[in-house]
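None of these values were measured; they are calculated from a predicted model.
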Amino acid sequence: QLQASGGGSVQTGGSLTLSCAASGGSVRRYTIGWFRQAPGKEREFVAAFGWSGNTKVADPVKGRFTISRDNAKNTVHLQMNSLNPEDTAVYYCAATTVVWGREAQENDYTYWGQGTQVTVSS
């Protein structure tokens with residue numbers, strides 16, 4: 001089970017840290033991905049932290065978002081800096097066991113959190 005948290009409302013240029021806490025299994029055994037869905041748009045890949053330690057961040061957020069894993073807390077974090085209105089979306093975390101290389105494919109993810117809203121105002 002995945003629990004996403006940390007969303008909120010910020011102004012342009014602000015920062016937020018999202019957290020994805022796992023229960024019932026270790027995050028070290030899964031690739032944990034973050035996806036987002038803006039109003040009227042399809043869900044898109046944001047970032048992923050692989051079970052082996054690989055990381056990937058989507059081009060639209062590269063240099064602004066950082067993904068990390070806290071093994072002690074069984075949690076994956078998404079640090080989001082320099083937020084802009086285009087980042088407004090519901091953010092979801094998800095888990096998969098597929099091999100690295102498919103981490104951006106949402107259909108390969110088996111477990112999904114409930115989503116957390118991020119709103120960035122100008």
Side-chain angles (χ1 to χ4, degrees):
Q1 188 174 3
L2 301 175
Q3 181 74 31
S5 63
S9 296
V10 297
Q11 292 187 330
T12 296
S15 298
L16 284 172
T17 299
L18 305 184
S19 297
C20 179
S23 60
S26 172
V27 292
R28 287 176 289 180
R29 295 186 177 184
Y30 296 89
T31 288
I32 303 297
W34 283 97
F35 294 79
R36 67 184 182 183
Q37 187 166 22
K41 295 186 177 181
E42 294 186 353
R43 190 155 53 187
E44 65 175 355
F45 170 77
V46 176
F49 199 108
W51 61 268
S52 62
N54 294 332
T55 62
K56 182 175 182 177
V57 179
D59 287 343
V61 302
K62 194 168 293 182
R64 300 188 296 120
F65 290 14
T66 303
I67 190 167
S68 62
R69 187 175 69 190
D70 186 334
N71 293 333
K73 295 184 178 180
N74 210 30
T75 300
V76 172
H77 301 289
L78 183 68
Q79 173 68 43
M80 306 186 296
N81 299 324
S82 301
L83 287 163
N84 59 63
E86 289 69 40
D87 296 316
T88 295
V90 177
Y91 285 71
Y92 300 89
C93 64
T96 181
T97 57
V98 296
V99 297
W100 190 255
R102 297 190 58 80
E103 62 282 352
Q105 306 302 316
E106 68 170 283
N107 290 338
D108 286 337
Y109 284 78
T110 305
Y111 306 101
W112 289 83
Q114 83 287 5
T116 185
Q117 176 71 46
V118 172
T119 302
V120 185
S121 58
S122 57

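- Side-chain atoms of N84 and T12 include no donor-acceptor pair closer than 3.5 Å.
- Counting heavy atoms from C-beta on, the side chains of V76 and I67 come closer than 4.5 Å.
- Across every non-hydrogen atom of V27 and A22, the tightest pair is CG1-CB, 3.5 Å.
- More than 12 non-hydrogen atoms from other residues, nucleotides or ligands lie less than 6.0 angstrom from CD of Q114.
- Between Q79 and S15, the shortest heavy-atom contact is NE2-CB, 4.0 Å.
- When the side chains of ILVMFWY residues are joined at heavy-atom separations under 4.5 Å, either directly or via intervening members, F45 and Y111 end up in two distinct hydrophobic clusters.
- Between Y109 and F35, the two ring planes are perpendicular [angle over 60°; tilted spans 30° to 60°].
- Considering only heavy atoms from C-beta on, R64 comes within 4.5 Å of D87 through its side chain.
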Only distances under 3.5 Å count here; give the side-chain donor-acceptor pairs of residues 115-122 to other protein atoms, sequence neighbours excluded, each with its distance to 0.1 Å.
{"unit_1": "T116", "atom_1": "OG1", "unit_2": "G7", "atom_2": "N", "d": "3.0"}
{"unit_1": "Q117", "atom_1": "NE2", "unit_2": "A89", "atom_2": "O", "d": "3.4"}
{"unit_1": "Q117", "atom_1": "NE2", "unit_2": "T119", "atom_2": "OG1", "d": "3.3"}
{"unit_1": "S121", "atom_1": "OG", "unit_2": "V10", "atom_2": "O", "d": "3.4"}

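- For the atom pair CD (E106) and CD (E42), the distance works out to 8.0 Å, reported to the nearest 0.5 Å.
- Here the closest non-hydrogen pair linking A38 and T88 is CB-O, 3.5 Å.
- Judged purely by atom type and a 3.5 angstrom limit, E103 uses its side chain to pair as donor or acceptor with the backbone of G101.
- Atom OG1 in T17 sits 7.5 Å away from atom CE in M80 (nearest 0.5 Å).
- D108 meets the side chain to side chain donor-acceptor pair (under 3.5 Å) test with R102; sequence neighbours excluded.
- Once rounded to the nearest 0.5 Å, the distance linking OG of S23 with CG of N74 reads 8.5 Å.
- Across every non-hydrogen atom of V46 and V61, the tightest pair is O-CG2, 3.8 Å.
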### Query
What do the steps show when you test L83 against F65 for side-chain contact (heavy atoms from CB on, under 4.5 Å), and what is the final call?
CA-CA 9 Å; L83 287 163; F65 290 14; 3.8 Å; yes

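- Within a 6.0 Å sphere centred on CH2 of W112, other residues, nucleotides and ligands contribute more than 12 heavy atoms.
- Residues R29 and W51 share a closest heavy-atom pair of C-CB, 3.8 Å.
- By the side chain to side chain donor-acceptor pair (under 3.5 Å) test, E44 pairs with R36, sequence neighbours left out.
- The minimum heavy-atom distance linking C20 with I32 is given by the pair SG-CG2, 4.1 Å.
- Side-chain atoms of D70 do not come within 3.5 Å of backbone N or O of T75 as any donor-acceptor pair.
- Criterion: ILVMFWY side-chain heavy atoms under 4.5 Å apart, direct or through other members. Under it, W34 and F49 are part of a common hydrophobic cluster.
- Y92 and L2 fall into different hydrophobic clusters, where Ile, Leu, Val, Met, Phe, Trp and Tyr residues are linked whenever their side-chain heavy atoms come under 4.5 Å apart, directly or through other members.
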